[in-house]
Amino acid sequence: MDWKAWRRKWLTVPLYRLGRDALPRLSATEQQAIDAGDTWWEAELFSGRPDWQKLLAVPPARLTTQEQAFLDGPVAQLCKMLDEWDTQWVRGDLPPTVWAFLREQGFFGMIIPAEYGGLGFSAYAHSEVVRRIAVRSITAAVTVMVPNSLGPGELLLQFGTDEQRRHWLPRLASGQEIPCFGLTSPEAGSDAASMVDTGVVCRQDVDGRSVLGIRLNWSKRYITLAPVATVLGLAFKLQDPEGLLGDDPEPGISVALVPTDLPGITIGRRHLPAMQVFQNGPTQGKDVFVPIDALIGGPAQAGKGWIMLMSALAAGRGISLPSLAAAACVFSAHTSGAYARVRTQFGIPIGKFEGVQEMLGRMAGNAYVVEAARRMTCAGLDQGVKPAVVSAIMKLHCTERMRESVNAAMDVHAGKAVIDGPNNYLSSLYRALPVAITVEGANILTRSLIVFGQGAIRSHPWLMQEVKALSNPDEQQGEDDFDAVIWRHLAHSVRNALRATGMAWTGGLIGRWPRQAGEIAPVYRRLDRYAAAFALLAECALLSLGGSLKRKEMLSARLGDMLAELFLLSAVLKRWNDEGRHHSDLPLVHWCARDSLARLDRRMDEVLSNLPSRPLAWLLRVLLRPFGLAARPPCDELTRKAAGILLESSGSRDRLVGAVWEGHDTPSVALLERAFSLAVQAQPLLDQVRKAGLADWRIARDKGAITIEQAALIEAYQQAVADVIAVDDFPADAFARTNGSGGGPDGSQPA
């Protein structure tokens with residue numbers, strides 16, 4: 001008996017049978033979710049040996065001339081039309097002029113190719129448009145983002161028939177049709193497999209002829225744009241009891257396009273999501289008949305709805321909410337830095353207090369990393385990748401950092417951000433936090449079930465092949481396939497264990513870095529170390545827990561957090577390289593690196609502390625955390641440097657926060673920007689007055705210590721500061737209740 005035959009008989013077959021017994025049964029929706037989308041940079045990280053040169057070779061996201069013109073023209077014009085206070089508290093909706101402008105300028109057709117009347121924009125342009133709008137109006141941003149990411153347009157482009165594309169896409173691009181998408185049911189939120197919405201294949205007489213179609217019954221809620229939609233993308237469970245489509249009586253989850261004016265459809269009253277007034281509400285249908293060609297992709301796509309949704313969501317989830325989060329993080333840093341520069345307490349700007357600097361440093365870091373990850377993800381999407389795991393990471397971690405930054409901004413602004421009114425530029429973002437955290441997959445379940453749960457199977461170099469071999473109903477073929485991969489997997493694991501141990505015990509000194517790394521080569525080496533450590537931890541968790549890891553959600557969540565931090569820090573390093581490796585930006589890069597590495601190390605320690613196999617955990621602790629050495633978070637000096645970038649005018653500050661507000665003219669932020677600009681000019685003069693021992697700049701002017709022009713500059717600065725720190729107030733009867741119902745400050749009723 002040769003070696004391979006002996007190995008198969010005595011080693012492979014027993015392992016194969018043990019694996020089949022331990023393999024968890026995947027539901028149909030889980031299997032389809034795993035099959036949907038592509039793998040990308042996360043697969044490099046899962047390998048434990050990421051190719052940094054490959055990362056830097058990804059072309060940076062860029063705008064075309066047409067896309068830049070759209071931002072400079074229609075987007076800037078739209079932003080000047082928006083007044084979120086008026087929208088939220090007076091109208092309860094966008095003004096009719098704004099709705100008309102959105103239609104006329106093609107905002108609803110950004111992702112639709114030009115051949116169908118759309119703008120044909122890249123993922124990066126789509127993201128940039130949403131980001132620019134979001135700092136002016138959450139209502140407008142959500143209204144624009146939904147048709148371009150969560151609406152039927154993406155599904156039609158990927159899966160629709162030629163006839164469906166020709167019919168629907170021009171109407172969607174022009175705004176003639178307003179779409180929404182119905183997925184969430186009262187009984188089924190994250191667990192889409194439990195939805196009770198049904199569609200039964202049947203024949204029905206229509207205008208005197210028998211038509212093959214579907215009789216639909218549904219109840220959906222939380223559906224954005226439902227109250228104004230003219231066409232509904234509907235997810236439901238398709239049933240074919242008479243075998244009119246084929247042999248399967250229950251094809252499963254399917255997706256159809258349903259005009260909302262059909263008999264039997266009810267559009268419910270509006271929801272009010274966290275006081276945000278973008279159009280959102282329930283929709284129901286009772287015995288609604290649609291022809292069979294209403295199925296997106298036609299009968300051939302019957303029962304394939306879940307994989308369609310996961311594939312489309314892989315693109316949309318990587319763009320929409322990350323764009324909103326990037327806007328919020330950058331805007332929080334932008335306004336908080338300016339406010340901390342002009343607001344004084346005890347005679348000095350509050351930005352000089354270390355407690356405030358700690359907040360500013362975190363906001364600066366979050367703004368840098370979220371924007372870096374947004375650009376890198378868009379670059380991947382524009383290369384044609386549909387990275388399902390990366391999209392989940394982006395939605396989860398960008399919105400969580402959005403929460404950190406907006407809360408920190410509220411703390412820095414204090415009473416200025418608490419008093420609501422037209423001049424409060426933070427309150428709408430603050431109220432929108434729960435919406436961002438909840439929609440497109442609640443963060444709790446995304447963290448505990450999706451990022452590592454799907455990432456391990458999809459992105460591991462060998463695991464997917466092993467799962468397919470173990471799941472093969474033909475055991476002989478399954479054994480052959482398993483034998484072909486299991487030993488390569490084990491060899492990979494041994495090499496990675498040795499590499500991870502060597503890098504841990506040398507503090508990452510033997511880690512790799514790309515030739516362009518320059519001053520941040522040590523960061524690459526340490527990240528290389530943690531990539532290897534993560535890969536080894538993931539292997540050991542999968543080996544020791546097998547199918548039960550699926551139920552160890554807290555452990556899975558921590559491993560997912562490690563994968564996410566590896567991705568986010570990779571994006572930071574790529575951004576620094578793509579922007580030209582500016583030395584002045586290094587405090588931001590190093591702050592992000594120290595923060596991510598500390599988070600990585602903390603999660604690794606938590607995994608080791610909770611791994612059920614204690615001997616394995618002790619061995620891994622010796623291998624991966626020798627002598628208990630841990631990565632430290634950003635030091636105080638580094639935090640002060642990062643915060644300082646927000647407090648002074650510089651190229652670094654412009655690269656970090658400048659573009660998101662450029663060209664917009666919200667009065668309250670315009671006042672803040674003016675005060676900040678004057679502060680930079682006036683502060684040296686005020687310091688000069690103090691050094692001269694004079695109590696007031698007016699005395700200095702009268703004594704000739706400063707010129708009349710300099711005194712006028714100081715006076716203008718102080719008036720600008722007074723305007724900035726002022727808050728809104730209202731007449732005493734502005735909040736009067738009428739007939740027991742509430743109203744806005746102007747007496748209007750809420751939407």
Under 3.5 Å, is there a donor-acceptor pair between the side chain of Asn148 and the main chain of Phe107? yes
Looking at Glu84 and Arg431, is any side-chain nitrogen of the basic one under 4.0 Å from a carboxylate oxygen of the acidic one? no
Contacts of Arg221 that satisfy salt bridge (charged side-chain N to carboxylate O under 4.0 Å, His left out) - sequence neighbours left out: none
Residues Glu358, Arg362: salt bridge by 4.0 Å N-O rule: no
Can you say whether the rings of His413 and Tyr339 are parallel (under 30°), tilted (30 to 60°) or perpendicular (over 60°)? parallel
Does a donor on one side chain sit under 3.5 Å from an acceptor on the other, for Gln279 and Thr143? no
How would you list, by chain and number, every residue that makes a side-chain hydrogen bond (donor to acceptor under 3.5 Å, both in side chains) with Ser127, sequence neighbours excluded? Ser323, Arg374
In this structure, which one of Arg401, Arg602, Arg594 forms a salt bridge (charged side-chain N to carboxylate O under 4.0 Å, His left out) with Glu565? Arg401
How would you list, by chain and number, every residue that makes a salt bridge (charged side-chain N to carboxylate O under 4.0 Å, His left out) with Asp605, sequence neighbours excluded? Arg621, Arg625
Is the backbone of Ala593 close enough, under 3.5 Å, to the side chain of Ser596 for a donor and an acceptor to pair up by distance? no
Indicate the ring-plane relationship of Trp89 and Trp85, choosing parallel, tilted or perpendicular according to the 30° and 60° boundaries. tilted
Listed by chain and number, what are the side-chain hydrogen bond (donor to acceptor under 3.5 Å, both in side chains) partners of Tyr124, not counting sequence neighbours? none
When the ring planes of His271 and Tyr222 are compared, do they come out parallel, tilted or perpendicular, using 30° and 60° as the limits? tilted
What's the shortest heavy-atom distance between Ser459 and Glu42, and which atoms? OG-CG, 3.1 Å
With Asp728 via side-chain hydrogen bond (donor to acceptor under 3.5 Å, both in side chains) - residues at least two apart: Asn423
Looking at Asn424, is its backbone amide N or carbonyl O close enough to the side chain of Lys416 to form a donor-acceptor pair, meaning the two atoms are under 3.5 Å apart? no
Side-chain donor/acceptor of Lys395 to backbone N/O of Ala442, under 3.5 Å: no
Check ion pair Glu606-Arg558 (N to O, under 4.0 angstrom): yes
Quick one: list whatever passes side-chain hydrogen bond (donor to acceptor under 3.5 Å, both in side chains) with Ser427, sequence neighbours left out. Asp420
Expected output: side-chain Lys220 to main-chain Ala235 donor-acceptor under 3.5 Å: yes
